[in-house]
Amino acid sequence: MPGPGRGLSARLLVLTIAFVMLGEVLIYVPSISRYRLVYLQERLAASHEATLTLQASPDGMISPELERELLKHARVRSIALRMPDASYLMLGKPPPVDAAFDLHDATPPELIRDAFVALAQTRNRVLRVIGPARVDPGVRVDVTLDEAPMVGEMFDYSGRILLLSIVLSLLTASLVFLSLHWLIVRPMRRITESLVAFREDPEDASRGIVASGRGDEIGVAEREFAEMQRGLRAALKQRARLAALGAAVGKINHDLRNILSSAVLASGRLAHSDDPKVKRQAPALTTAIDRAVALCEDILNFARAGDPEPRRGRVDLAALVDDVGKVLALPDDGSISWRNEVAKGFTVTADRDQLFRVIFNLGRNAVEAIDGQGEVRVGARRDAAATAIEVADTGRGFSVEARDHLFEPFAGSTRPGGAGLGLPIAREIMQAHGGDLCLAKSDAEGTVFRLEFPPE
Ligand SMILES: Nc1ncnc2c1ncn2[C@@H]1O[C@H](COP(=O)(O)OP(=O)(O)OP(=O)(O)O)[C@@H](O)[C@H]1O
Ligand SMILES: [Mg+2]
């Protein structure tokens, strides 16, 4: 199990905090610029109100004290008002300005930029701000003011937002964290623990996962996992049984071959017996024993076929087919011919011994399927998609039951003394080469098997 701080929960916690903070930043940027805009608009509105006093005085003049008082109240340095009829009103004397802003046509990106420029100032600037009067948009208000008080308020506001974000993100993060922990992390941990326990001791049924019956994806995962554990456990038991059986068959086979070799010796002696009756029976006995030996060999081959990875090399196919023809027990009278139609120099990438076994098995089956006269042809061709070898015979074709159990070990044989292993082994070998073996055709005229190799 991952240690504290490295598990799913800790990562989720950090991620949630980071995302909420990011969200807060995205909210902060426009809101600080809005804060500055509202501040400036309020100054304009207050300035407009201040000039009302001036408009009320009969001669348009007020005392310097009142003027100072009004400007202080509006928190500006000077005010200039342009009325709709183009007349002017002034309060105070405008100082030299550092920057001017017209609120009539400020776009949001400009407002954001100006807000951050203001936050970055280290000294007080005098600003000139022009905008419409709030109550009377026809009136243009033009004021000068100090920037420092505004920046101070903006910093206060930012501090409050920061504090709020921290509180919010911690709160959201803990809620998200708790619910995720409850919904995902805890069940995930249960599954992980069960996986680990299962790997340590797959046969201990008490340590398997118990599905919680949830309806969501985790529930499905739990049920599937429990099902998989059951299946695997059964397969493991089966495998142990089969392994024991395999070992027993191996031993029996070994003993049987010793017994058979004494039988071969004895039958050899019988052939030289003086008793003509005994002498007549001897060849039948020898054939029977030979069949038994071949059967033992087949079973051993099958047991061996499961393991070896093919040791691939370039195989001269024409030479290999010739070799198979020599080993096949073809009748002496020449009634069955073995025709090698593979072009000279044709090669395939394969394990030579294994490929030999495949073609030998197919060849032996073909010879056995031919009654009387016939021929077996082996050909090969290669195109862009694949390399294929075909073994075709003019035999009697597949019987229905042999076809029903095609490629099934021990089940497909219709031949007395046949183990029913030739085709399954051949196919297994082809699949280990990344190819396949298939029955291309089989009818009363004959049978064609096709060996397919992956493209080279
Ligand atoms: N070329 C063929 N023509 C007709 N039937 C065939 C041919 N090849 C195989 N069969 C049928 O398929 C069955 C299974 O063949 P397979 O080679 O698997 O086993 P087998 O030949 O009976 O025994 P062994 O394990 O000794 O090879 C055969 O018994 C036969 O009935
Ligand atoms: Mg066979």
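Please read these numbers as outputs of a predicted model, since none were measured by experiment. For reference, positions follow the sequence shown, starting with 1.
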Original post:
Is a donor on one side and an acceptor on the other found under 3.5 Å between the side chain of His433 and the backbone of Asp351?
Top reply: yes

Original post:
Taking all atoms of both residues into account, what is the closest heavy-atom pair of Ala99 and Arg125, and its distance?
Top reply: CB-NH1, 4.1 Å

Original post:
Do Phe19 and Thr172 have side chains that get closer than 4.5 Å, going by heavy atoms?
Top reply: no

Subject >> Leu285 to Ser267 - nearest heavy-atom pair and separation >> reply: CD2-CB, 3.7 Å

Original post:
Is it true that Glu375 and Arg377 have a side-chain N and a carboxylate O under 4.0 angstrom from each other?
Top reply: yes

**OP:** Taking Asp383 for its side chain and Ala385 for its backbone only, find out whether a donor-acceptor pair lies under 3.5 Å.
**Re:** yes

Original post:
So does Glu42 pair up with Arg75, basic N to acidic O under 4.0 Å?
Top reply: no

Subject >> Heavy-atom closest contact (Glu147 atom, Ala118 atom, distance) >> reply: OE2-CB, 3.4 Å

Original post:
Considering all heavy atoms of both residues, which atom of Pro310 and which atom of Gln354 are nearest to each other, and what is their separation?
Top reply: CB-OE1, 3.8 Å

**OP:** Only one of Leu330, Val391, Asn340 passes side-chain contact (heavy atoms from CB on, under 4.5 Å) with Val376; say which it is.
**Re:** Val391

**OP:** In plain terms, say whether Arg230 and Glu227 are close enough for a salt bridge, that is, a side-chain N and a carboxylate O under 4.0 Å apart.
**Re:** yes

Original post:
Do the numbers put Arg43 on top of the ring of Tyr39, so that NZ or CZ is under 6.0 Å from the six-membered ring centre and no more than 45° off the axis?
Top reply: yes

Subject >> Gln121 side chain vs Val117 backbone, donor-acceptor pair below 3.5 Å >> reply: yes

Subject >> Arg128 side chain reached by Val143 side chain, heavy atoms, under 4.5 Å >> reply: no

**OP:** Apply side-chain contact (heavy atoms from CB on, under 4.5 Å) to Tyr157 and Ser31, showing your working.
**Re:** CA-CA 10 Å; Tyr157 174 75; Ser31 69; 3.2 Å; yes

**OP:** Take atom CZ of Arg314 as the centre, draw a 6.0 Å sphere, and report whether it contains more than 12 heavy atoms from other residues, nucleotides or ligands.
**Re:** yes

**OP:** Work out which heavy atom in Ala115 is nearest to a heavy atom in Met154; give both atom names and the distance.
**Re:** O-CE, 3.6 Å

Original post:
Does the distance from a Lys or Arg side-chain N to an Asp or Glu carboxylate O, for Lys277 and Asp275, drop under 4.0 Å?
Top reply: no

Original post:
Quick one: does Asn361's side chain have a donor or acceptor within less than 3.5 Å of a partner on Ala426's backbone?
Top reply: no

Original post:
Looking just at side-chain N and O atoms, do Ser169 and Glu24 make a donor-acceptor pair shorter than 3.5 Å?
Top reply: no

**OP:** Please round to the nearest 0.5 Å and tell me the distance separating atom OG of Ser165 and atom CG of Leu163.
**Re:** 8.0 Å

Original post:
Can you tell me how far the CG atom of Leu111 sits from the CD1 atom of Ile32, to the nearest 0.5 Å?
Top reply: 12.5 Å

**OP:** Flag the pair Arg311 and Glu309 as a salt bridge only when some basic side-chain nitrogen lies within less than 4.0 angstrom of an acidic carboxylate oxygen.
**Re:** no

Original post:
Is there side-chain contact between Ser194 and Gln229, with heavy atoms separated by less than 4.5 Å?
Top reply: yes

Subject >> cation_pi(Arg160, Phe155) dist<6.0 Å, angle<=45 >> reply: no

Original post:
If every non-hydrogen atom of Leu183 is compared with every non-hydrogen atom of Ile218, which pair is closest and at what distance?
Top reply: O-CD1, 4.2 Å

Subject >> Nearest-0.5 Å distance that lies between atom CZ in Phe177 and atom CD1 in Ile17 >> reply: 10.0 Å

Original post:
Distance only, no hydrogens: is a donor on one side chain within 3.5 Å (strictly under) of an acceptor on the other, for Tyr35 and Ser158?
Top reply: no

Subject >> side-chain contact (heavy atoms from CB on, under 4.5 Å) between Leu44 and Leu103, worked out >> reply: CA-CA 10 Å; Leu44 292 183; Leu103 301 188; 3.8 Å; yes

Subject >> Ring-face cation contact, Phe346 with Arg382, 6.0 Å cut, 45° max >> reply: yes

**OP:** State whether the number of non-hydrogen atoms from other residues, nucleotides or ligands found under 6.0 Å of Met21 atom CE is greater than 12.
**Re:** yes

Original post:
Is there a donor-acceptor contact under 3.5 Å from the side chain of Glu452 to the main chain of Leu437?
Top reply: no

Original post:
Is a salt bridge present between Glu368 and Arg415, judged by a nitrogen-to-oxygen distance below 4.0 Å?
Top reply: yes

Original post:
Does a side-chain heavy-atom distance below 4.5 Å link Phe101 with Asp114?
Top reply: yes

Original post:
In this structure, are over 12 heavy atoms from other groups packed under 6.0 Å from Lys441 atom NZ?
Top reply: yes

Original post:
Would you say the side chain of Leu328 lies within less than 4.5 Å of the side chain of Val324, judging by non-hydrogen atoms?
Top reply: yes

**OP:** For the pair Arg190 and Glu222, evaluate salt bridge (charged side-chain N to carboxylate O under 4.0 Å, His left out) and give the outcome as yes or no after the intermediate values.
**Re:** CA-CA 9 Å; Arg190 248 163 42 92; Glu222 283 176 349; 3.0 Å; yes

Subject >> Backbone of Asn258 reached by a side-chain donor or acceptor of Ser262 within 3.5 Å >> reply: yes

Original post:
Relative to the ring of Phe407, is the ring of Phe449 parallel (under 30°), tilted (30 to 60°) or perpendicular (over 60°)?
Top reply: perpendicular

**OP:** Enter the distance from Leu423:CG to Leu362:CG here, rounded to the nearest 0.5 Å.
**Re:** 6.5 Å

**OP:** Check for a donor-acceptor pair, side chain of Ser442 on one end and backbone N or O of Phe398 on the other, with a separation under 3.5 Å.
**Re:** yes

Subject >> Glu200, CD: over 12 other non-hydrogen atoms inside 6.0 angstrom >> reply: yes

Subject >> Close side-chain approach of Leu145 and Val126, heavy atoms under 4.5 Å >> reply: no

**OP:** Please confirm whether the backbone N or O of Glu428 pairs with a side-chain atom of Gln431, one donor and one acceptor, at under 3.5 Å?
**Re:** no

Original post:
Does the side chain of Glu408 reach to within under 4.5 Å of the side chain of Pro424, using non-hydrogen atoms?
Top reply: no

Subject >> Side chains of Gln238 and Leu242 in contact at under 4.5 Å (non-hydrogen atoms) >> reply: yes

Original post:
Can a salt bridge be assigned to the pair Arg339 and Asp393 using a cut-off of 4.0 Å between side-chain N and carboxylate O?
Top reply: no

Subject >> Atom CZ of Arg214: over 12 foreign heavy atoms under 6.0 Å >> reply: yes

Original post:
What do the steps show when you test Asp323 against Phe356 for side-chain contact (heavy atoms from CB on, under 4.5 Å), and what is the final call?
Top reply: CA-CA 8 Å; Asp323 289 350; Phe356 185 93; 3.9 Å; yes

Subject >> Spacing of Ile191 atom CD1 and Glu224 atom CD [to the nearest 0.5 Å] >> reply: 11.0 Å

Subject >> Reported CZ-to-CG distance for the pair Arg450 and Leu439, which is rounded to 0.5 angstrom >> reply: 10.0 Å

**OP:** Quick one: do Trp338 and Val321 satisfy side-chain contact (heavy atoms from CB on, under 4.5 Å)? Show the steps, please.
**Re:** CA-CA 9 Å; Trp338 176 255; Val321 172; 3.7 Å; yes

